[in-house]
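Quick caveat: nothing in here was measured; it's all calculated off a predicted structure. FYI, side chains are in, hydrogens and waters are out, and symmetry mates aren't considered; it's all heavy atoms of this structure.
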Amino acid sequence: MGDDNSYDIRSILSQMREEYWQALAGEESEAKETLECLVFTLGGKRYAFETHYASEVIRVPKLVRVPAVQSLIRGIFNLRGEITAAIDIRPMLGLPQPEIGPTGRILVVRGENFATGILAEAAHGVQGLSFDGFEPVASGSGMKAQFVRGHFNLEEGNVILLDMETLLADPELVAGEA
């Protein structure tokens, strides 16, 4: 009937559909691939590993020394009825070993065959690290390259990504072998 106050429902739906797809395309272009990691401090530097290796983070309990084990094993502790070793991986990574103070934590990790606790100077929590700032480890970097996958360049500084599969499979971590 040619009424100026009438509206065309098809054109409105078409416009809404177009706006929906444009918004969805904008979200997809902004989405970045991230790796969910537990971030912590070792030797004064920030390190991380994927959260699927992490079981929990606890305060450092009283550790019981065990004779005739590798120097990496700083002691054992009772984790809800399960005797767990507390290891200091800083020598494996060639890092200095400042005293573990009140911010110190044990990062309980689970490998294929065992669980253990890694001593850390501090734990900073779980963080999604974007692969946009990731660089694989460079040869001649001075680090023990077999335990490091690379590092993330973040605004607050670098975070080094550990290769936990290689680290947990290392013969130095097997009790009874020196």
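- Relative ring orientation between Y47 and F40 is described as parallel, the plane-to-plane angle staying below 30° on a 0-90° scale split at 30° and 60°.
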Query raised in the report: Checking side chain to side chain contact (heavy atoms under 4.5 Å, CB included) for the pair L79/I58: CA distance, chi angles, key distance, verdict?
Result: CA-CA 10 Å; L79 182 65; I58 61 173; 4.1 Å; yes
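- Residues H124 and E156 fail the side-chain proximity criterion, which asks for heavy atoms closer than 4.5 Å.
- When all heavy atoms of I106 and G117 are compared, the closest pair comes out as CG2-CA, 3.5 Å.
- Distance SG/C37 to CZ/F49: 9.0 Å, rounded to 0.5 Å.
- In this view, S14 satisfies the side-chain hydrogen bond (donor to acceptor under 3.5 Å, both in side chains) rule with no residue, not counting sequence neighbours.
- L119 is listed as a side-chain neighbour of V60, based on a closest heavy-atom distance under 4.5 Å.
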Report task. Go through V137 and R149 one step at a time and tell me if the side chain to side chain contact (heavy atoms under 4.5 Å, CB included) criterion holds. Result -> CA-CA 6 Å; V137 67; R149 292 176 56 193; over 6 Å; no
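- Residues passing the side-chain hydrogen bond (donor to acceptor under 3.5 Å, both in side chains) test with N153 are E135, H151, sequence neighbours excluded.
- Formation of a donor-acceptor pair under 3.5 Å by the T116 side chain with backbone atoms of A85 is found in this model.
- Linking ILVMFWY side-chain heavy atoms closer than 4.5 Å, directly or via other members, places V109 and F147 in a single hydrophobic cluster.
- For the atom pair R10 CZ and R17 CZ, the distance stands at 10.0 Å (nearest 0.5 Å).
- Note that CG of L13 is 14.5 Å distant from OH of Y20, once rounded to the nearest 0.5 Å.
- Follow the hydrophobic side-chain contacts under 4.5 Å out from L129 and you never reach V148; the two are in separate clusters.
- Nearest heavy atoms, L63 versus A86: CD2-CB, 3.8 Å.
- At a threshold of 4.5 Å between side-chain heavy atoms, the hydrophobic network of Ile, Leu, Val, Met, Phe, Trp and Tyr places I100 and L107 in two separate groups.
- Taking 4.5 Å as the limit, some side-chain heavy atom of D170 sits within range of a side-chain heavy atom of M92.
- Going from atom CG of L42 over to atom CG of L93 covers 6.5 Å, rounded to the nearest 0.5 Å.
- With sequence neighbours excluded, no residue satisfies side-chain hydrogen bond (donor to acceptor under 3.5 Å, both in side chains) with E82.
- If you chain together hydrophobic residues whose side chains sit under 4.5 Å apart, V64 and V69 fall into the same group.
- Residues in residues 84-97 take part in these side-chain hydrogen bond (donor to acceptor under 3.5 Å, both in side chains) pairs, two or more places apart or across chains: R74-D88, D88-R90, D88-Q97, R90-E121.
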Requested in this report: Determine, stepwise, if the pair L35 / L161 fulfils side chain to side chain contact (heavy atoms under 4.5 Å, CB included).
Outcome: CA-CA 10 Å; L35 186 65; L161 181 64; 3.8 Å; yes
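- Qualifying side-chain hydrogen bond (donor to acceptor under 3.5 Å, both in side chains) partners for D163, counting only residues two or more places apart in sequence or in other chains: T166.
- Within the structure, side-chain hydrogen bond (donor to acceptor under 3.5 Å, both in side chains) pairs that include any residue of residues 53-67 comprise E56-R80 (at least two apart or interchain).
- Partner L162 forms a side-chain contact (heavy atoms from CB on, under 4.5 Å) with one of I118, I89, L168 and no other, that one being I89.
- The number of heavy atoms from other shown groups lying within 6.0 Å of CD (E19) is above 12.
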Requested in this report: Begin from the C-alpha positions of L154 and Q127 and carry the test side chain to side chain contact (heavy atoms under 4.5 Å, CB included) through to its verdict.
Outcome: CA-CA 12 Å; L154 305 176; Q127 186 175 351; 3.8 Å; yes
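- In terms of heavy-atom proximity, A48 sits nearest to V39 at CB-CG2, 4.1 Å.
- Side-chain contact between V57 and V108: absent, with no pair of heavy atoms (C-beta onward) separated by less than 4.5 Å.
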